[in-house]
Amino acid sequence: MQGRLSAWLVKHGLVHRSLGFDYQGIETLQIKPEDWHSIAVILYVYGYNYLRSQCAYDVAPGGLLASVYHLTRIEYGVDQPEEVCIKVFAPRRNPRIPSVFWVWKSADFQERESYDMFGISYDNHPRLKRILMPESWIGWPLRKDYIVPNFYEIQDAY
């Protein structure tokens with residue numbers, strides 16, 4: 001079933017794939033990485049002016065990585081704001097997705113966390129570096145194929 005935003009994107013010739021609706025009735029769309037930045041700018045202009053959250057997940061061991069964006073269209077006098085969920089999938093070998101930091105500034109730490117935990121590189125992000133793990137950490141801890149080291153160095157644990 002196609003939602004309101006999906007129909008609008010089709011009408012304007014913007015490539016995407018509808019993934020249906022979640023349990024709360026929020027429309028979910030899949031966007032290709034190469035189309036994501038331009039569609040993000042269009043969605044911002046269309047009224048999705050608030051990035052509620054960005055997260056990432058590992059679809060399957062050896063499979064794709066996903067970057068997920070929850071956008072909200074906040075307008076004065078509207079009790080129930082319109083929401084949409086955008087999923088951008090990237091290959092595990094070289095996961096690169098355009099950063100939306102320059103569209104929604106709140107993507108800053110969220111994209112950095114996705115980079116730190118999954119190794120997804122957000123192109124044109126101004127400060128893409130580890131945010132939770134030490135800079136010397138090897139690997140991406142939340143990937144399903146991550147091998148946990150058999151040692152942990154505890155620094156200043158008091």
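Applying the side-chain hydrogen bond (donor to acceptor under 3.5 Å, both in side chains) test to Tyr48 and every residue at least two apart in sequence or in another chain returns Glu82.
Contact of the Leu19 side chain with the Arg17 side chain is registered, since non-hydrogen atoms from C-beta on lie closer than 4.5 Å. Considering only heavy atoms from C-beta on, Glu113 comes within 4.5 Å of Leu132 through its side chain. The shortest distance between side-chain heavy atoms of Val103 and His37 falls below 4.5 Å. Side-chain contact between Trp104 and Tyr44 is present, with heavy atoms from C-beta onward closer than 4.5 Å. Considering only heavy atoms from C-beta on, Cys55 stays 4.5 Å or farther from Gln110 through its side chain. Side-chain contact between Leu65 and Tyr57: absent, with no pair of heavy atoms (C-beta onward) separated by less than 4.5 Å. For the pair Met133/Pro141, a side-chain contact is recorded, criterion being any heavy-atom separation below 4.5 Å from C-beta on. Looking only at side-chain heavy atoms (C-beta outward), Ile97 and Ser121 stay at 4.5 Å or farther from each other.
Around the NZ atom of Lys11, the shell of radius 6.0 Å holds no more than 12 heavy atoms that belong to other residues, nucleotides or ligands. Within 6.0 Å of atom NZ in Lys32, 12 or fewer heavy atoms from other residues, nucleotides or ligands are found, so the atom counts as exposed in its surroundings. Taking a 6.0 Å sphere around CZ of Arg130, one finds it holds more than 12 heavy atoms contributed by other residues, nucleotides or ligands.
Aromatic ring centres of Tyr69 and Trp36: separated by under 6.0 Å.
A single hydrophobic cluster is seen to contain both Leu142 and Ile120, as judged by linkage of ILVMFWY side chains at heavy-atom distances under 4.5 Å, directly or through other members. Grouping the Ile, Leu, Val, Met, Phe, Trp and Tyr side chains by contacts below 4.5 angstrom, directly or via other members, places Ile86 with Trp8. In the hydrophobic clustering of ILVMFWY residues, with side-chain heavy atoms under 4.5 Å counting as a link, Phe118 and Trp137 come out together. Val100 and Leu14 end up in the same hydrophobic cluster when Ile, Leu, Val, Met, Phe, Trp and Tyr side chains are linked at under 4.5 Å. Connection of Met117 to Phe109 is established within a shared hydrophobic cluster, with ILVMFWY side chains joined at heavy-atom distances below 4.5 Å, either directly or through further cluster members.
We find the CZ-OG1 distance between Arg52 and Thr72 to be 5.0 Å, quoted to the nearest 0.5 Å. The OH atom of Tyr50 lies 7.0 Å from the OG atom of Ser106; values are rounded to the nearest 0.5 Å. The distance from atom CZ of Arg112 to atom NZ of Lys129, rounded to the nearest 0.5 Å, is 5.5 Å. Atom CD1 of residue Ile147 and atom CD1 of residue Ile138 lie 12.5 Å apart, to the nearest 0.5 angstrom. To the nearest 0.5 Å, atom CD of residue Glu111 and atom CG of residue Asn124 are 10.5 Å apart. The CH2 atom of Trp140 sits 10.5 Å away from atom OH of Tyr146, with the distance rounded to the nearest 0.5 Å.
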Could you walk me through whether Leu29 and Ser18 pass the side chain to side chain contact (heavy atoms under 4.5 Å, CB included) check? CA-CA 5 Å; Leu29 304 175; Ser18 178; 4.3 Å; yes
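With respect to the salt-bridge test (charged N to carboxylate O, under 4.0 angstrom), the residues Arg92 and Asp145 qualify. With respect to Arg143 and Asp58, no salt bridge is recorded, no charged nitrogen being found less than 4.0 Å from a carboxylate O.
A side-chain donor-acceptor contact under 3.5 Å links Asn49 to the backbone of Ile74. A donor-acceptor pair is defined here as one N or O able to donate and one able to accept, closer than 3.5 Å; such a pair exists between the side chain of His125 and the backbone of Asp108. Ser38 places a side-chain N or O within 3.5 Å of a backbone atom of Asp35 that can act as its donor or acceptor partner. Glu27 places no side-chain N or O within 3.5 Å of a backbone atom of Glu83 that could act as its donor or acceptor partner.
Here the shortest heavy-atom pairing between Ser114 and Ala56 reads OG-CB, 3.5 Å. The two residues Ser6 and His16 come nearest to each other via the heavy atoms OG-NE2, 2.6 Å.
Checking Gln54 against Tyr122 by side-chain atom types alone, a donor-acceptor pair falls below 3.5 Å.
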